[in-house]
**Q** 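Take a look at the following structure, please.
Model, not experiment: these values are computed from the prediction.
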There are 2 protein chains.
Amino acid sequence: MSRKDSPSKREKILDVAEELFALHGYDGVTLRQIASGAGVDVALASYHFGKKLDLFQAVFDRRAALLNDARRDALHRCQAKAGKRGPSVEQIIEAFLRPLELAQETGDPGWRNYLALIAYINNSPYWGPRMMSKLFDALVQEFIEALRRALPEATDEDLYWCYNNLSGALTLTLAQTGRIDKLSGGRCTSDDFEAAYDHMIPFVAAGFRKVCKKRAR
Amino acid sequence: MSRKDSPSKREKILDVAEELFALHGYDGVTLRQIASGAGVDVALASYHFGKKLDLFQAVFDRRAALLNDARRDALHRCQAKAGKRGPSVEQIIEAFLRPLELAQETGDPGWRNYLALIAYINNSPYWGPRMMSKLFDALVQEFIEALRRALPEATDEDLYWCYNNLSGALTLTLAQTGRIDKLSGGRCTSDDFEAAYDHMIPFVAAGFRKVCKKRAR
DNA sequence: AAACAATTTCAACGGTTGTTGAAATTGGGC
DNA sequence: GCCCAATTTCAACAACCGTTGAAATTGTTT
C-alpha cells in the first residue's frame, strides 16, 4: 500500500470511535473499548491519532467538510432557483435539513452515528462552545442571513432565538434517543428521518414567520 | 440532630453532583471531584447514596416531583380558567414552559444545574430511554392530550413529532451551552430564560397549528 | 532477497477510579 | 458523664485508565 491508502484499520478505528462516542460521550468511552471494537491493539489508536482528545477531534472533523459543502450547495442552489426576491423560509429550512437526510442514504451507516455525535456535542455545555463554532458557525450565519432577507421585519433577537429553536429540534432528532417511539406507542420512530423532517420543516417555518412578523412597538 | 434532618453535607453532595453531572455528564465526573467540591471525604458519598449510579439517580429524582407538580398545577389551572372548549395551544405550551422559568427564580441556583442535567439526560441515546420515561412520560401524555383537544384535526403522528420539536427546542435552551451568545454576537444570552420562553412559546404554538391543520388527504 | 519505512502488537509504567471495612468522630437520650 | 447510633474519615484494595518505548510484522522499493 502506498502510504496514503491504508484505510482498513485506521478508518475502522474512526468508525468505532464515532459510534461509541455518539452513544456514551467522550468520557464514557475508553480507548480499549474502541480498539477492541475495531479489532486492533490499544496502541494503534495512539499511533494514528495521538492523544484521546485528538482522536475525538479527528472523528468530529472527518465528515464536517462534506456536511458543510452539501448544505452550502443546497442553500446556493435554492437561492439561484429563487428569483431576485430570494428563497422562502421553507426553502431555506429545507436546504438546511435535507442534506442531513441525504447523508443517511449514502449507504454508509456511519453518518447516523456522526450526526448523533454532533447532537451530543451541540447539546453539551462543555463541548458545545469548544467545538461547534469553528467548523459550523460561518455557514450558520449564511443561513441566518438568508432568513433575514426572507423575513425583513425580523430583529436580530428574533432570528437568533428562532434559530436556537430550530437547532434544538434538529439536535434532539439527530440524537436518536428513541423516546418518541415509546411516547407515541410506536406510531413514530426515531429512525424515520424523512418523517421527522417532513414535520420539522413546516413547524419551524411557521415558527419563524410567527415570531418574526411585524408587531406593535 | 434527629436523624432526618442532617442536611448540610448530604445535601451539599447532591448540589455539587448536580452541577458537575450537568456540565460533564455521568462518566465525566469522579466521586472524588464531587467529594472535593462538597468538602467531604470520598467514602461519604457511598455511605449516603451507595453506588455512583445511585447517586446519579438520587440527583435526578430529587427535584422531579416538584417540577412535575408545578407543571401539572399550571396545566390544570389553565384548563380550569378556560371554558368548556379548553385552553388554547399557547396557553398549554405556556403551562409546560413557565414553571421551569419560575423554578429559577426561587433563589436556589441548583435549579439551573438540574435543568441542564435534564437536558443532558434527555438528549442522551443512552440515558434518555433509561431515565426519562418513568418520571416524566405520564405528565407529558397529559399535555399531549390537552393539545389534541385544542387541535382536533391533528393525527397522532403530527402531535408526537410536534412535541418532539418542542422538547428539542426546550432541551437545547436548558442545556445552557452559551452557543447563542457567540452566534448572536452577544445580542442574546443563554442565561435569559425569559427571553427564551418569550420567543419559544409563539414559535412552538405556530408550529403546532401549522402542522396540525387540516390538509387534503 | 535485501533494505527500508510504515504499520501493528507487546509489555509495561504511573496514576486514577469506584468501592469497602474498620476506625474515629459527632451528637442526642438517659 | 456514659452509651448508643448516626455520621464522617482513614486507609487500602483490585481493576482499569491513557500513554509510551521497544519489538515484531507487514508492505514497498530497489
**Q** From the set C/dT9, D/dT9, C/dT19, return the single nucleotide nearest to any side-chain atom of B/L31.
**A**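 Out of C/dT9, D/dT9, C/dT19, the nucleotide with an atom closest to B/L31's side chain is C/dT19.
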
**Q** Quick one: closest heavy-atom pair of A/C188 and B/E157, and the distance?
**A** SG-CA, 3.8 Å

**Q** Nearest whole angstrom, please: distance from the C1' of C/dT20 to the CG of B/L44.
**A** 14 Å

**Q** Pairing donors with acceptors under 3.5 angstrom, does anything connect the side chains of B/D192 and B/T189?
**A** no

**Q** I need the CG-C1' distance between B/D41 and C/dT17, as an integer number of Å.
**A** 15 Å

**Q** Nearest to the side chain of B/V42 - D/dC10, C/dT9, C/dT19?
**A**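 Ranking D/dC10, C/dT9, C/dT19 by closest atom to the B/V42 side chain puts C/dT19 first.
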
**Q** Centroid-to-centroid, B/F56 to B/F21, below 6.0 Å?
**A**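 Centroid distance B/F56-B/F21: below 6.0 Å, so yes.
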
**Q** Looking at the side chain of B/R32, which of D/dT9, C/dT19, D/dT20 is the nearest nucleotide?
**A**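 Ranking D/dT9, C/dT19, D/dT20 by closest atom to the B/R32 side chain puts C/dT19 first.
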
**Q** I'd like to check B/T177 versus A/N122 (side-chain heavy atoms, cut-off strictly below 4.5 Å). Are they in contact?
**A**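 Not touching, per the 4.5 Å side-chain cut-off.
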
**Q** Examine the side chains of A/T171 and B/N123 and answer whether a donor and an acceptor come within less than 3.5 Å of each other.
**A**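 No, no side-chain donor-acceptor pair sits under 3.5 Å.
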
**Q** Distance check needed: C/dG18 C1' versus B/F49 CZ, whole Å only.
**A** 16 Å

**Q** In this structure, how many angstroms lie between the P atom of C/dT7 and the NZ atom of A/K12, rounded?
**A**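 Distance check: A/K12 NZ to C/dT7 P gives 18 Å.
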
**Q** Consider the side chain of A/Y47, meaning its heavy atoms from C-beta on, and name the nucleotide among D/dT8, C/dT8, C/dT20 that approaches it most closely.
**A**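 Between D/dT8, C/dT8, C/dT20, the one nearest the side chain of A/Y47 would be C/dT8.
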
**Q** At 10 degrees resolution, what angle do the end axes of the helix from C/dA1-D/dT30 to C/dG28-D/dC3 form when each is taken over five base pairs?
**A**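 End-to-end axis angle: 10°.
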
**Q** Considering only C/dC10, D/dT9, C/dT20, which nucleotide approaches the side chain of B/S46 most closely?
**A** C/dT20

**Q** Could you work out which one of C/dC10, D/dT9, D/dT19 sits closest to the side chain of A/K52?
**A** D/dT19

**Q** Quick one: is D/dA6 close enough that its OP1 or OP2 comes under 4.0 Å of any side-chain N or O from B/H48?
**A**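 For D/dA6, OP1/OP2 do not have a side-chain N/O of B/H48 under 4.0 Å.
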
**Q** Does any donor atom in the side chain of B/T173 or A/N164 lie under 3.5 Å from an acceptor atom in the other side chain?
**A** yes

**Q** Are B/N165 and A/L172 packed together at the side-chain level, in the sense that at least one heavy-atom pair is separated by less than 4.5 angstrom?
**A**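 A side-chain contact under 4.5 Å is absent here.
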
**Q** Closer than 4.0 Å, any side-chain N/O of A/T30 to the OP1 or OP2 of D/dC17?
**A** yes

**Q** Let me know, please, whether A/A43 or A/Q33 comes out on the 5' side of the other along DNA chain D by nearest nucleotide.
**A** A/Q33

**Q** Take the protein atom CG of B/D27 and the nucleotide atom P of D/dC16, then report the distance between them rounded to whole Å.
**A** 15 Å

**Q** Starting at atom CD1 of B/I34, determine the distance to atom P of C/dT17, rounded to an integer number of angstrom.
**A** 11 Å

**Q** For D/dT9, does OP1 or OP2 lie under 4.0 Å from any side-chain N or O of B/K9?
**A**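 Result: yes.
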
**Q** Does D/dT20 have its OP1 or OP2 closer than 4.0 Å to a side-chain nitrogen or oxygen of A/K51?
**A**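 For A/K51, the contact criterion (side-chain N or O under 4.0 Å from OP1 or OP2 of D/dT20) is met.
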
